[in-house]
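One structure is given here, and the rest of the page talks about it.
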Amino acid sequence: MRVVVTGAAGFIGSHVVDALSGAGHEVLAVDAPSRSLAPDVARRTWAEVAARPGVVAADVDLAVDELDIVTGVDLVVHLAGRPGVRDSWGPGRAVAERDNVTATRRLLAACMEARRRPKVLVASSSSVYGSAGRRPNREDDSVKPESPYAVSKVEVERLGRLAADDGLRVVLLRYFSVYGPRQRPDMAFHRFVEAALDGRPLPVFGDGLRSRSFTHVRDVVTATLAAAAEDLPPGITINVGHREHVAVRDAIAMLTGALGVQAEIQRETPVAGDAARTWADTRLAHKLLGWVPAVGLRDGLHDQIAWHRALRTMEEVRVG
Ligand SMILES: NC(=O)c1ccc[n+]([C@@H]2O[C@H](COP(=O)([O-])OP(=O)(O)OC[C@H]3O[C@@H](n4cnc5c(N)ncnc54)[C@H](O)[C@@H]3O)[C@@H](O)[C@H]2O)c1
């Protein structure tokens, strides 16, 4: 298969490229690393991704550049964008509008115009639900976006459904708090592990009682590739999240246990629009994709910690 992966220098995108390359597909790995929340990290990941077999890297800003990347392509996995609830307040709002909404609109238009239209998987987010109540969120629940980021993802989904109404095979994947190797530096576990390894207090927004359907990136890749392979109704939305939600403070206890440290907590002001609870109903993903999350939080955290340690060792070797 010929596949375009956008956001290929990012956390999730780089893992999707690894999996596609490993399965022998031809991949055009698209990104504009200067648009990343962490450009230096994206450039490093970009170099790793571009070295994989069958992968060609293309530096394309989806919001402004000519989009001749989708010609002759079977599948587009659209993961590029500006993630993060916190960042989307203030100046980040315009960035989310540009790199989520404008970029997606242009990419979908390019796919519609292609002589052979590719199938398109589009990354959305659990944040469109707002906070979950007493049961997990189902795909047909009404959306309650509570931040500019979440609003941008609601709009991304709307654009996807409009394109599907016009015959494009679009699938919308709502990812839930993804973690694992290469997790973004602004995300909770990344910040916690780095702080613990430095011997600093762990910076926690709020009281630690917020809970998340933490989902390992390996499970996210499996679900994404299953969505690529299955013949799905155009415009469908599917939750990709762990079926259990875990409080941040319980996740911290697991994390510090795995690290073998007793870390202090430094409480920081809660972020506006950060849901009290995210909780994925995974029945649709199971029914349509045969997917159930396979990585438990304890194992997944070990995996992420091992990556942070390996990165530090590599850095020491480089500097020393
Ligand atoms: N990580 C999560 O927990 C999570 C949860 C829900 C949804 N998502 C969504 O999944 C996608 C990937 O998330 P991630 O965590 O890997 O983020 P990431 O920031 O690591 O990756 C996004 C990549 O998109 C690129 N990009 C941004 N704007 C671009 C543009 N205009 N043109 C080309 N490239 C551009 C960035 O350079 C970056 O490398 C995003 O759409 C995000 O909103 C992520």
Side-chain angles (χ1 to χ4, degrees), residues 4-18 28-50 57-67 69 76-88 92 94-107 110 121-129 147-157 160 172-190 212-217 219-221 223-224 239-242 274-275 278 280 300 304:
V4 166
V5 178
T6 75
F11 166 39
I12 301 174
S14 60
H15 285 279
V16 169
V17 174
D18 283 352
L28 184 60
V30 172
D31 206 294
S34 62
R35 303 298 307 164
S36 167
L37 265 171
D40 290 344
V41 175
R43 283 189 195 100
R44 184 184 66 210
T45 309
W46 188 233
E48 286 175 28
V49 157
D59 193 336
V60 178
D61 184 335
L62 299 169
V64 293
D65 288 343
E66 184 79 24
L67 298 187
I69 47 178
V76 175
V77 187
H78 178 43
L79 301 164
R82 173 58 66 118
V85 165
R86 207 173 344 137
D87 174 73
S88 72
V95 183
E97 174 69 26
R98 177 193 192 278
D99 291 334
N100 296 343
V101 180
T102 307
T104 303
R105 184 187 301 116
R106 296 185 82 244
L107 182 67
L121 308 181
V122 177
S124 184
S125 162
S126 58
S127 65
V128 299
Y129 291 120
S147 67
Y149 168 69
V151 168
S152 78
K153 286 296 185 184
V154 169
E155 180 61 10
V156 162
E157 290 192 358
L172 301 154
L173 299 173
R174 285 185 183 152
Y175 297 139
F176 285 65
S177 302
V178 188
Y179 73 101
R182 302 200 198 115
Q183 193 191 39
R184 295 195 326 262
D186 62 297
M187 296 186 75
F189 292 161
H190 188 119
R212 293 282 176 273
S213 271
F214 292 112
T215 313
H216 193 275
V217 68
D219 282 331
V220 168
V221 170
T224 304
N239 285 342
V240 176
H242 206 283
D274 216 0
T278 67
Q304 177 158 351

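Order of listing sets the numbers, starting from 1, for every ligand and every atom in it. Computed from a prediction, not measured in an experiment: that's the story for all the values here.
- Residue contact check: Val178 has heavy atoms under 4.0 Å from atoms 1 (N), 2 (C), 3 (O) of ligand 1.
- For the pair Pro83/Leu37, a side-chain contact is recorded, criterion being any heavy-atom separation below 4.5 Å from C-beta on.
- Neither the backbone nor the side chain of Tyr179 has a heavy atom within less than 4.0 Å of ligand 1.
- Looking at Val178 and Gln183, their side chains never come closer than 4.5 Å, going by heavy atoms from C-beta outward.
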Requested in this report: Go through Val41 and Phe11 one step at a time and tell me if the side-chain contact (heavy atoms from CB on, under 4.5 Å) criterion holds.
Outcome: CA-CA 9 Å; Val41 175; Phe11 166 39; over 6 Å; no
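- Atoms of ligand 1 lying under 4.0 Å from any heavy atom of Tyr175, numbered from 1 in the order shown and given with element: 5 (C), 6 (C), 7 (C), 10 (O).
- Remark: Asp18 engages Arg182 in a salt bridge, criterion side-chain N to carboxylate O under 4.0 Å.
- Side chains of His78 and Leu62 form a contact here, defined as non-hydrogen atoms less than 4.5 Å apart.
- The distance from ligand 1 to the heavy atoms of Gly7 drops below 4.0 Å at these ligand atoms: 23 (C), 24 (O).
- Residue Ser127 does not touch ligand 1, judged by heavy-atom distances below 4.0 Å.
- Using a 4.5 Å heavy-atom cutoff, the side chains of Arg35 and Val95 are in contact.
- Distances below 4.0 Å separate heavy atoms of Pro83 from the following atoms of ligand 1: 17 (O), 19 (O), 42 (C), 43 (O).
- Between Asp99 and ligand 1, at least one N/O pair is under 3.5 Å apart.
- When side chains are defined from C-beta on, Phe176 counts as touching Asn239, because their heavy atoms get closer than 4.5 Å.
- The shortest contact between atom 33 (C) of ligand 1 and any protein heavy atom is with Val60 O, 3.1 Å.
- Counting protein heavy atoms only, atom 36 (C) of ligand 1 is closest to Asp31 OD1, 3.3 Å.
- The protein heavy-atom contact nearest to atom 44 (C) of ligand 1 is Ile12 CD1, 3.7 Å.
- For the pair Val151/Glu97, no side-chain contact is recorded, criterion being any heavy-atom separation below 4.5 Å from C-beta on.
- Interface of Ser36 with ligand 1, defined as ligand atoms under 4.0 Å from a residue heavy atom, comprises 36 (C), 37 (O).
- With hydrogens left out, the protein atom closest to atom 27 (C) of ligand 1 is Gly81 O, 3.3 Å, a heavy atom.
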Requested in this report: Please lay out, stage by stage, how Asp87 and Asp186 fare under the test side-chain contact (heavy atoms from CB on, under 4.5 Å).
Outcome: CA-CA 9 Å; Asp87 174 73; Asp186 62 297; over 6 Å; no
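- A salt bridge links Asp274 with Arg212: at least one charged nitrogen is closer than 4.0 Å to a carboxylate oxygen.
- Atom CD in Glu157 sits 10.5 Å away from atom OG in Ser152 (nearest 0.5 Å).
- Of all protein heavy atoms, the one closest to atom 15 (O) of ligand 1 is Arg184 NH1, 2.7 Å.
- Checking only distances, Ala103 never comes within under 3.5 Å of ligand 1, N or O to N or O.
- Contact annotation: for Ser126 versus ligand 1, there are no heavy atoms closer than 4.0 Å.
- Comparing heavy-atom distances from atom 7 (C) of ligand 1 across Ala58, Ser124, Ala42 singles out Ser124 as nearest.
- Taking distance alone, with nitrogen or oxygen atoms compared against 3.5 Å, Ser125 stays at or beyond that limit from ligand 1.
- Ring geometry for Phe189 versus Phe214: interplanar angle of 30 to 60°, hence tilted.
- Closest to atom 21 (O) of ligand 1, if we only count protein heavy atoms, is Gly10 CA, 3.3 Å.
- With a 4.0 Å heavy-atom cut-off, ligand 1 is reached by the backbone of Ala32 and by its side chain too.
- Taking a cut-off of under 4.0 Å to the non-hydrogen atoms of Met187, the atoms of ligand 1 that pass are 1 (N), 2 (C), 3 (O).
- Listed by atom number, the atoms of ligand 1 under 4.0 Å from Leu62 heavy atoms are 30 (C), 31 (N), 32 (N), 33 (C).
- With contacts defined as side-chain heavy-atom distances shorter than 4.5 Å, the pair Ser124/Arg174 qualifies.
- Remark: Arg106 does not engage Asp61 in a salt bridge, criterion side-chain N to carboxylate O under 4.0 Å.
- Among the candidates Thr102, Val30, Val76, the single residue satisfying the side chain to side chain contact (heavy atoms under 4.5 Å, CB included) test with Leu107 is Val76.
- For atom 10 (O) of ligand 1, the nearest protein heavy atom (residue, atom name, distance) is Ala123 CB, 3.6 Å.
- For Arg174, no heavy-atom contact with ligand 1 is shorter than 4.0 Å.
- Residue contact check: Ala9 has heavy atoms under 4.0 Å from atoms 39 (O) of ligand 1.
- Given atom 42 (C) of ligand 1, the protein heavy atom at minimum distance is Tyr149 OH, 3.7 Å.
- Val240 has its side chain out of reach of Thr224: every pair of non-hydrogen atoms, C-beta onward, lies at least 4.5 Å apart.
- Proximity of Val30 to ligand 1, defined as any heavy-atom pair under 4.0 Å, is not found for any part of the residue.
- The closest approach between any non-hydrogen atom of Asp61 and ligand 1 is below 4.0 Å.
- Contacts with ligand 1 closer than 4.0 Å are made by side-chain heavy atoms of Lys153 only, the backbone lying farther away.
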